[in-house]
Amino acid sequence: MSPNESRFPARLGELEACLLKHLWSVESGTAKSVHEAVGRSRGISLNTIQSTLDRLHRKQLLDREKVSRAYRYTASVSCGSLLAAMVSEAAARFSQDNSTAMAALVDAAEQLDHAALDELEELIAARRAVTGDRRD
Amino acid sequence: MIESFPALAMLAALIGIIGLAVGAATASVGARFLLSDSHPPELRCRRVERIAALPVAVSLLAILVLALPAVLKLAGLIDDHCLAHGLHHPHFCLRHLPAFEAGPLVVLLIAAGAWPIAGLVRTARDQFRHARLANGIARLAPARRRLIVTDSETPGAFLLGILRPRIVLTTGLIRKLSPAERRAVVRHEIAHARAGDLARRLILGLMMSMQFPQTRRRLIRHWSQAAEERADDAVAASGKGLDLASALVRILREGAPARATDAYAMGANSADVVRRIQRLADRPPEQLASSLPESSLIVGLGLIALALASQHHALETFVGWLAK
């Protein structure tokens, strides 16, 4: 992953996400080919596609190289790593303020020492023995 | 001098701000004495939400109660007593509109209003940024998939997005948990989504901007714990409580410190998660019905309204004195 994770944008528009997904599936494309594949059916002009690709390039999500007279764009990040960066940013924000729209299974601040955890594990095992519950 | 409707609106705003402060003070007392861990989780959530709404409720109530005589006078239901009473203080009256020096009142309004408004703006901005991020994530994730798996070694599971909540699991969590434990974790998150916890938390967050800091911490912590226990109970009801309990222990083990005497490690939150695991593994603790009926909060608000209504002139005099 070439760009630094923290430089990933916090914001991804609908068309931007759509173009990224397209380029992940076809590996590379020019503004014209992307417009043919994604823009035309949605009634989006070639100009809009061009400026959106340019914006994604400035956000360091796309690489481009000049082939004859047009730019050929390729995704510079994988879907997985971009998703992971955005999720970890959401998680980082969650731990900062107490009211964001996220509910975590366990608070990041919740920590127990090994002895306490051993005790809890014994409690669970004892309960499983009583109920005849098997772990798989 | 300003007079007429702007003056009336400013007086109403001032009364509203006073109402916020009274409500915040009432909420801090409520948070101190009305919350108990022994109540069922859903009741605890609802009680926190009601206490959190007190500043806004008292504020609106104060404005309503003061506006009521003016409306009743216009409707001809009560006598116009402004002139008989004298104009030595501003009247909340649409016939005898108040008139006074604007300067001090404007300064007072800005000074008193800055705190709740700044808090509201901050919360709304955080929420907006978060929603934008959640939208971006939802757009990247495969369409119609409610479960997103993200590449991270830290075991984690959470919900993201208010309108269409998605469950996010990290690869670390998937690797470390057994299939049964994973299913229990997903059930827990689904229970949060079904209860609309993210939307409830959003509204609670907005209400928190009008509370005193200590009350805010107390309310949020109580609500979060109750919401977690409610989601845990939903898993326990499906017979998978022990799987969730062992999943929690396994996740906690990842971040467990080596020594038992680590002061940082035994933070305030530790007691909360231990309680959750014990609830899941043990028989759930006896849930006491609240000794205080929920309607008492509404009765309390009614009493505040009555008190305000009976002190209509005292409030007008007070506002007149503040605006002097």
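Convention: sequence-line order gives letters A, B, ...; per-chain numbering from 1.
- Heavy atoms of B:Val168 lying under 4.5 Å from chain A belong exclusively to its side chain.
- Note: B:Asp151 CG to A:Ser81 OG = 8.5 Å, rounded to the nearest 0.5 Å.
- The neighbour count for A:Glu119 CD, taken as heavy atoms of other residues, nucleotides or ligands under 6.0 Å away, does not exceed 12.
- Residues A:Arg128 and B:Leu242 share a closest heavy-atom pair of NH2-O, 3.4 Å.
- Both the backbone and the side chain of B:Ala245 come within less than 4.5 Å of a heavy atom of chain A.
- Rounded to the nearest 0.5 angstrom, A:Met86 CE and B:Thr150 OG1 are separated by 11.0 Å.
- Residues B:Arg139 and A:Lys21 approach most closely at O-NZ, 2.7 Å, considering heavy atoms.
- At least one side-chain heavy atom of B:Arg253 sits under 4.5 Å from a side-chain heavy atom of A:Glu121.
- Most heavy-atom pairs under 4.5 Å with chain B: of the set A:Leu20, A:Leu123, A:Leu83, this distinction falls to A:Leu83.
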Does B:Ile277 form a side chain to side chain contact (heavy atoms under 4.5 Å, CB included) with A:Ile124? I'd like the steps, not just the answer.
CA-CA 8 Å; B:Ile277 296 167; A:Ile124 295 168; 4.2 Å; yes
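- When the shell of 6.0 Å around CD of A:Glu36 is examined, it contains more than 12 heavy atoms from other residues, nucleotides or ligands.
- You'll find the side chain of A:Leu120 reaches within 4.5 Å of the side chain of B:Gln278, heavy atoms only.
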